[in-house]
Engineer: 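I am attaching a structure below and will ask some questions about it afterwards.
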Amino acid sequence: MVHRFTLTTPLYYVNDKPHIGSVYTTLAADAMARWHRLQGDQVCLITGCDEHGLKIQRSATAAGVPTKDYVDCMAGHFAALWQRIGISHDRFVRTSTPRHQQLVHEFYERVHGNGHIRPGQQRGWYCVACEEFKDGNSEDGGTPHCAIHDRPLEWRDEENLFFCLSHFQEPIAQLVAQESFIGPASRRREVQRFVEAGLRDFSISRVDLPWGIPVPRQPGHTFYVWFDALLGYVTALPDPDGPQDLATALTSGWPAQLHLIGKDILRFHAVYWPAMLMAADLPLPERVFGHGFLTREGRKMGKTLGNTLDPEALFAKVGVEPVRWYLLRDIQFGEDGDIQQKRFLDLVNNDLANTVGNLVNRTVSMSRRWFADCVPPRGENDDAPPPSPRRRSCDHDGPGKPVLCPTRSPGRCHGNPGPCRDRQRLFE
RNA sequence: CGCGGGGUAGAGCAGUCUGGUAGCUCGUCGGGCUCAUAACCCGAAGGUCAGGAGUUCAAAUCUCCUCCCCGCCA
């Protein structure tokens with residue numbers, strides 16, 4: 001029986017061009033997708049762009065172009081970059097397309113029909129960058145600032161629609177208690193505690209935000225990020241030339257086996273999203289994995305620090321494969337990881353040039369010199385296990401595993417030079 | 001305040017659940033070898049396992065306390 005394996009990257013927010021963090025997630029997802037294809041699984045790797053929201057609308061205005069043109073351009077950057085680095089995605093979904101809107105509406109009607117939508121008043125300080133209301137933040141009378149983005153908040157007082165997350169307190173608590181659902185394990189308890197503290201309904205619409213999907217029967221309302229962007233994972237599945245509805249998605253690879261995301265949006269994927277799916281009577285994804293963040297030479301990357309790593313420039317300078325290797329080999333997948341130039345050089349030289357490259361080189365050279373450019377016939381002792389004098393304690397660094405493979409923890413993957421090292425030893 | 005994760009060799013980490021010679025990769029140093037790239041192979045140095053107390057024949061591992069880092073709540 002052929003196993004389906006549907007996995008997703010986040011749908012990247014097209015406020016700006018792709019950054020190294022998006023590249024990291026996507027490279028990892030791609031490696032896993034390729035590994036599962038090698039296992040014979042029927043893989044669907046989904047990536048794409050989240051294209052709505054006030055921040056994008058403002059960025060477009062600032063750039064002096066129509067919003068649609070702006071997101072087309074940005075989405076183009078993402079698509080081009082994925083092509084450049086050989087991402088093997090099966091779907092590239094965009095949330096500003098009619099097909100997506102169609103599915104969002106169907107989903108909303110289901111949830112609404114099941115009684116999990118209510119009106120409510122949303123009043124408070126709003127961070128446009130987070131696209132979130134902040135509470136307990138207006139102490140000294142002045143305009144409060146967002147702690148994350150260090151920018152002034154904006155006062156809002158509006159009627160929104162709310163999703164009744166509180167209806168799902170028990171089932172969600174049970175879900176996140178499952179060991180397999182949230183990875184890495186170190187982040188599971190955090191989510192558990194959050195759920196135990198009590199789930200609160202959250203708003204799913206905004207007013208006065210024309211750049212979004214209109215809410216049925218609610219003139220002036222558009223859907224807020226989660227009831228729009230998360231649905232993209234489902235939108236992506238049906239054949240682009242066929243019918244676009246939930247029933248078709250269910251026969252086309254939903255539910256996903258894995259949502260691969262950054263740790264910052266773990267809660268939305270591990271709590272909000274499954275509750276939304278429950279509300280719509282849809283099956284849940286099997287696993288959500290929140291990987292860590294990348295730093296550079298020990299420091300957070302950011303525009304204010306001026307130490308961002310532009311992927312285009314990086315690839316132009318050192319090539320794609322060294323970056324792929326370094327990120328997947330040296331960063332403990334799940335934990336935060338530091339990108340260091342010296343370390344990068346050492347690893348690429350050691351693993352790719354010296355271990356893998358030189359292995360190929362000397363193999364070819366031996367073949368040429370002693371075996372008339374051929375691979376010699378099998379000898380008597382070829383079934384004997386290769387000598388591996390060094391004991392290995394790392395589970396991801398042993399012989400017999402592919403060079404890029406998932407480790408024992410589902411959803412993880414890791415570069416592994418071990419097999420090539422063993423072959424080198426064998427030649428001695 | 002509360003909650004979660006972490007502190008093991010110069011660096012990054014595994015080992016902790018199930019106590020029993022402290023391990024992997026990189027870096028450093030020395031030796032060897034050629035089919036091979038300043039390659040490859042072999043070897044060495046380098047760690048009071050954050051600190052303290054306890055349990056035990058035996059603690060990186062179990063219990064309690066303290067200190068320090070990071071994250072969540074924001």
Side-chain angles (χ1 to χ4, degrees), chain A residues 124-127 129-130 132-139 144-150 153 176 179 182-200 262-268 270-271 290 292-295 297-300 325-327 329-371 373 376 387-399 407-409 412 414-418 420-428:
Chain A
W125 293 100
Y126 189 77
C127 174
C130 299
E132 263 184 349
F133 282 90
K134 305 286 179 181
D135 36 42
N137 213 343
S138 52
E139 56 282 352
H145 280 241
C146 171
I148 298 169
H149 293 92
D150 193 31
L153 301 179
V176 300
E179 205 160 299
I182 295 174
S186 56
R187 272 187 255 284
R188 195 177 75 246
R189 281 186 177 281
E190 203 169 283
V191 176
Q192 263 184 286
R193 287 292 108 80
F194 171 80
V195 172
E196 281 167 18
L199 295 178
R200 290 191 299 180
K263 63 181 183 178
D264 54 328
I265 50 176
L266 179 59
R267 204 208 309 155
F268 303 108
V271 178
F293 284 165
L294 299 175
T295 53
E297 308 294 345
R299 312 187 73 186
K300 229 176 212 178
W325 180 256
Y326 177 75
L327 291 178
R329 148 86 155 103
D330 202 41
I331 311 290
Q332 308 293 316
F333 200 66
E335 304 307 304
D336 288 349
D338 195 34
I339 298 177
Q340 297 173 12
Q341 186 168 336
K342 180 179 186 305
R343 178 80 179 162
F344 179 92
L345 264 175
D346 285 342
L347 277 188
V348 169
N349 282 338
N350 268 290
D351 295 340
L352 295 188
N354 298 349
T355 300
V356 180
N358 181 50
L359 177 63
V360 173
N361 189 347
R362 68 192 298 201
T363 303
V364 168
S365 173
M366 278 187 267
S367 162
R368 182 171 296 144
R369 176 177 273 225
W370 296 327
F371 300 101
D373 294 345
S388 185
R390 281 194 204 165
R391 186 175 155 260
R392 298 180 194 287
S393 62
C394 299
D395 67 316
H396 54 256
D397 195 26
T407 62
R408 63 184 171 181
S409 174
R412 293 196 180 200
H414 204 284
N416 174 25
C420 290
R421 260 199 280 278
D422 291 332
R423 299 299 104 75
Q424 289 274 23
R425 239 168 252 137
L426 185 61
F427 279 150
E428 299 303 321

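The chains referred to below are lettered A, B, ... by the order of the sequence lines, with proteins before strands, and numbering in each begins at 1. Since this is a predicted model, take the numbers as computed values, not measurements.
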Engineer: Could you measure between the two P atoms, the one in B:U18 and the one in B:U63, and give it in whole Å?
Structural biologist: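 10 Å, rounded to whole Å.
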
Engineer: Between A:Arg187 (side chain only) and A:Lys263 (backbone N and O only), is there a donor and an acceptor less than 3.5 Å apart?
Structural biologist: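 No, the answer is negative, given that no donor and acceptor are paired below the 3.5 Å cut-off.
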
Engineer: Under a 3.5 Å limit for both distances, which nucleotide forms a Watson-Crick or G-U wobble pair with B:A44, could you say?
Structural biologist: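 Its partner is B:U28.
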
Engineer: Please state how far atom CD1 in A:Ile339 lies from atom P in B:C26, giving the value in whole angstrom units.
Structural biologist: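 After rounding, the gap between these two atoms is 20 Å.
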
Engineer: Please report the distance separating the P of B:G20 from the corresponding atom of B:U25, rounded so that it comes out in whole Å.
Structural biologist: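 Per the computed distance, 22 Å lies between those P atoms.
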
Engineer: Taking atom C1' in both B:A58 and B:U21, compute the distance separating them and give it to the nearest angstrom.
Structural biologist: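 So the two C1' atoms sit 12 Å from each other.
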
Engineer: Between B:A9 and B:A14, how far apart are the two P atoms, rounded to whole Å?
Structural biologist: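 The same atom, P, in both gives a distance of 13 Å.
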
Engineer: Grab the CG-C1' distance between A:Asn354 and B:C35 for me, whole Å please.
Structural biologist: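 From A:Asn354 CG to B:C35 C1': 16 Å.
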
Engineer: Starting from P on B:A11, measure out to NZ on A:Lys342 and report it in whole angstrom.
Structural biologist: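 Rounded to the whole Å, the gap is 12 Å.
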
Engineer: Please name the pair of heavy atoms, one in A:Thr363 and one in A:Leu359, separated by the smallest distance, quoted to 0.1 Å.
Structural biologist: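 Nearest pair, atom of A:Thr363 first, then A:Leu359: OG1-O, 2.5 Å.
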
Engineer: Between B:G6 and B:C49, how far apart are the C1' atoms? Round to whole Å, please.
Structural biologist: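 Result for the C1' pair: 14 Å, nearest Å.
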
Engineer: Any sub-3.5 Å donor-acceptor pair from A:Tyr326's side-chain atoms to A:Gln340's backbone N or O?
Structural biologist: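 Yes; judged by distance alone, with no hydrogens or angles, the pair exists.
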
Engineer: Using the P atoms only, state how far B:C17 lies from B:A50, rounded to an integer number of Å.
Structural biologist: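 After rounding to an integer number of Å, I get 15 Å for this pair.
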
Engineer: Please give, in whole Å, the distance from B:G27 P to A:Arg343 CZ?
Structural biologist: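 Interatomic distance, CZ of A:Arg343 to P of B:G27: 8 Å.
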
Engineer: Within this structure, what is the CZ-to-C1' distance between A:Arg362 and B:C33, rounded to whole angstrom?
Structural biologist: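 From A:Arg362 CZ to B:C33 C1': 10 Å.
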
Engineer: Take atom P in B:A36 and the same atom in B:C41, then report the distance between them in whole Å.
Structural biologist: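 Their P atoms lie roughly 15 Å apart.
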
Engineer: Donor-acceptor pair, A:Asn361 side chain versus A:Gly357 backbone, under 3.5 Å?
Structural biologist: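 Such a contact is absent between A:Asn361 side chain and A:Gly357 backbone.
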
Engineer: Specify the separation, in whole Å, of atom CZ of A:Arg329 and atom P of B:C26.
Structural biologist: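 About 7 Å, once rounded to whole Å.
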
Engineer: If only side-chain N and O atoms of A:Arg267 are considered, is one of them under 4.0 Å from the OP1 or OP2 phosphate oxygen of B:C73?
Structural biologist: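 The answer is yes; a side-chain N or O of A:Arg267 sits under 4.0 Å from OP1 or OP2.
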
Engineer: With respect to the side chain of A:Thr355, which nucleotide from B:C73, B:C35, B:C40 is positioned closest?
Structural biologist: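 So the nucleotide nearest the side chain must be B:C40.
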
Engineer: Grab the N/O contacts between the protein and nucleotides 2-6 of chain B below 3.5 Å, and write none if there aren't any.
Structural biologist:
from: B:G4; atom 1: OP1; to: A:Arg193; atom 2: NH1; distance (Å): 3.4

Engineer: Just to be sure I understand the rule, does A:Asn361 reach a base, reach only the sugar-phosphate, or reach nothing, if contact means heavy atoms closer than 4.0 Å?
Structural biologist: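 It contacts base atoms.
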
Engineer: A:Asp338 CG to B:G10 P: how many Å, rounded?
Structural biologist: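 It works out to 18 Å between those atoms.
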
Engineer: Output yes when at least one side-chain N/O atom of A:Asn350 is less than 4.0 Å from OP1 or OP2 of B:U25, else no.
Structural biologist: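 Answer no for this pair, as no side-chain N or O of A:Asn350 is under 4.0 Å from OP1 or OP2.
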
Engineer: Determine the contact category for A:Gly337: base if any of its heavy atoms lies under 4.0 Å from a base atom, sugar-phosphate if only primed atoms, P, OP1 or OP2 are that close, otherwise nothing.
Structural biologist: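 No contact.
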
Engineer: Tell whether A:Asn358 reaches the base of B:A36 with its side chain through a donor-acceptor pair below 3.5 angstrom.
Structural biologist: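 Check passes, donor-acceptor contact within cut-off.
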
Engineer: Between A:Lys263 and A:Thr363, just flag the one whose closest nucleotide in RNA chain B comes earlier from the 5' side.
Structural biologist: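 Between the two, 5'-proximity favours A:Thr363.
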
Engineer: Using purine N1 to pyrimidine N3 plus N6-O4 or O6-N4 for Watson-Crick, or N1-O2 and O6-N3 for G-U wobble, each under 3.5 Å, what pairs with B:C49?
Structural biologist: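 B:C49 is paired with nothing.
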
Engineer: Quantified in whole Å, what is the P atom distance between nucleotide B:G47 and nucleotide B:U55?
Structural biologist: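 So the two P atoms sit 30 Å from each other.
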
Engineer: Not counting sequence neighbours, which residues clear ring-ring contact (aromatic ring centres under 6.0 Å, His included) with A:Phe268? List them please.
Structural biologist: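 Partners of A:Phe268 by the ring-ring contact (aromatic ring centres under 6.0 Å, His included) criterion, ordered by chain and then number, come out as A:Trp226, A:Tyr272.
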
Engineer: Name the residue closer to the 5' end of RNA chain B, choosing between A:Leu347 and A:Lys300 according to the nucleotide with the nearest heavy atom.
Structural biologist: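 Result: A:Leu347.
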
Engineer: If we only count heavy atoms from C-beta on, is the A:Thr295 to A:Asp336 side-chain gap below 4.5 Å?
Structural biologist: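 No, too far: nothing below the 4.5 Å cut-off.
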
Engineer: Which one is paired to B:G19, where only Watson-Crick or G-U wobble pairs with both distances under 3.5 angstrom count?
Structural biologist: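 The base-pairing partner of B:G19, which may sit in any strand shown, does not exist here.
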
Engineer: Ignoring the backbone of A:Met366, work out which of B:C35, B:C26, B:C40 is nearest its side chain.
Structural biologist: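 Among the listed nucleotides, the one closest to the side chain of A:Met366 is B:C35.
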
